[in-house]
Amino acid sequence: MTARTYATRIPAGRARIWKAGRPALTMLDIELTERCSNDCVHCSVNLPEAAPASRREMTAARIGKILEEAAGLGCLSVRFTGGEPLIREDFEDIYLKAKRLGLKVRLFTNATRLTPRLAGLLGRVPPLERVEVSFYGMSRRSYEAVTRRAGSFDAARRGLRLLLENGVPFVLKGALLPANRDELDEFDSWAAAVDGTGNPPGLAMLFDLRSRRDLGKNPLIRSLRVGPEDYLATCAHRDERHLGELMRFTVRFAGVHGAQLFTCQSGRGRGAVDAYGRYQYCLALRHPETVFELAEGSLREAVTGFLPRLQSMVSADPAYLERCGRCFLKALCQQCPAKSWAEHGTLDTPVDYLCGVAHTQARAMGLLAEGERAWAVGDWQVRVARLSALIEDTLNSPGQGV
Amino acid sequence: MENRVNLDAAYGPSEDIVAREIEGEIVIVPLVAGIGDMEDELYTLNETGRDIWKRLDGRTPLREVVRELADEYEAPDKVLEEDVVGLLGELLERRMIARAEG
């Protein structure tokens, strides 16, 4: 016993802090409500604030029990999302419960319901993660064309001021929509300065359809999505390194996954609980075969029994096996069981919109010719190796950068 | 707050933090602002720190903690005492522990 430095500071963003093993659960998403103070044109979740769904929502006591279970499983981080979590009058109780259990809290909010009292609490009892604030326009006209709520622009600005005044770290996020499209450069500069990150905010463009499959709003959401070329051009416009990063990502993760349905990292040591107490792989995936009623079993059973069963699921759908199952762009493509659920009500139907985006990206990287389909490319490994060599060559050329 | 470590006093976890044991690691999570230098920091303890931390129950004087450690480890009392005082100094400075009353 001769060590001289005893306590080591760990940046909260570090995913792995334990040396041996890994807890059964590292991060849990909890949807505190599907209701929202806004009615955003592109939202895949929101219900009206006065919706009767509130009567079925988990109570603070029930959420507290789930938080206790999560902490007992080694969970270190919980994300409170919605809907708008702050419309719950008991949010403060839920937040303090999580903090007293030693959990870091990621709060997703539109900031319109922040009060001086709550901002003060977040300042005194810090969440240990930046509060993530969605913000939709630089003017009242553009912002409220998205949120469809009079007064929401001023309320959100007031919320941001409260966070700043109370020293609460936050990060802004946006969504590219017809109403704010002309403001994108202004938004990027403003957001990078106001949240202190110095980076342009995350920007949603490929909007999800309704996760409850209440289909009436889907035509509107579809109409707001950008096309694949526009998506790629917007990414490149906002970050000149985008294509290079896309290339490096593709070289690293290109591969064929066959019939395996769940290939993303969401479920590995993670999980989600919806507003009514159902465990889900992620909050977007609400297919009845993939949810676990926590009223009928523990969170431990969900994480250690139900989740591995989900992760072993395979597709038997001929179209999926022919296309997604053979596609080397699977990691690049956002198709997953949650997207198939929202688009088609299944777990494994290819999603043409996302397929189009992935193919456009692959063409931009020189991996596919016009008209080629990624699942029909026999020499994909050769092409990816060529891309890898191109990245190496470019990196070794003075003054160049991919 | 008295930051000098007193071997005749007992210390326990402060109300300003939550200490958790996850997969054998002691993880100290700040509960109130001003514990860390930045907004997003947790702390873990090294092996020495972990063994000492588990004995900080707010009742046992530090001299007794040193004796218990001496029973467990083949190390000179002076070295153990330096470790205990070193860790406690760090923890007191960061408001992670508090001296027990009385």
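Lettering of chains follows the sequences in order, A, B, ..., and the numbering in each one begins at 1.
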Q: Dump the intermediate steps for side-chain contact (heavy atoms from CB on, under 4.5 Å) on A:Lys104 and B:Leu42, then the final yes or no.
A: CA-CA 9 Å; A:Lys104 297 183 293 170; B:Leu42 311 179; 4.1 Å; yes
**Q.** Contacting region of A:Leu101 [heavy-atom separation from chain B under 4.5 Å]
**A.**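 It is the backbone, since no side chain atom gets that close.
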Q. Quick check: are there more than 12 heavy atoms from other residues, nucleotides or ligands sitting under 6.0 Å from NZ of A:Lys65?
A. no
Q.
I'd like to know whether CZ of A:Arg100 has more than 12 heavy-atom contacts from other residues, nucleotides or ligands below 6.0 angstrom.
A. no
Q: Considering non-hydrogen atoms only, spot the tightest contact between B:Val32 and A:Pro126 and give its length.
A: C-CD, 3.6 Å
(Q) To check you understand the geometry: which heavy-atom pair defines the closest contact between B:Arg20 and A:Leu76, and what is its length? (A)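 Here B:Arg20 and A:Leu76 meet closest at NH1-CD1, 3.6 Å.
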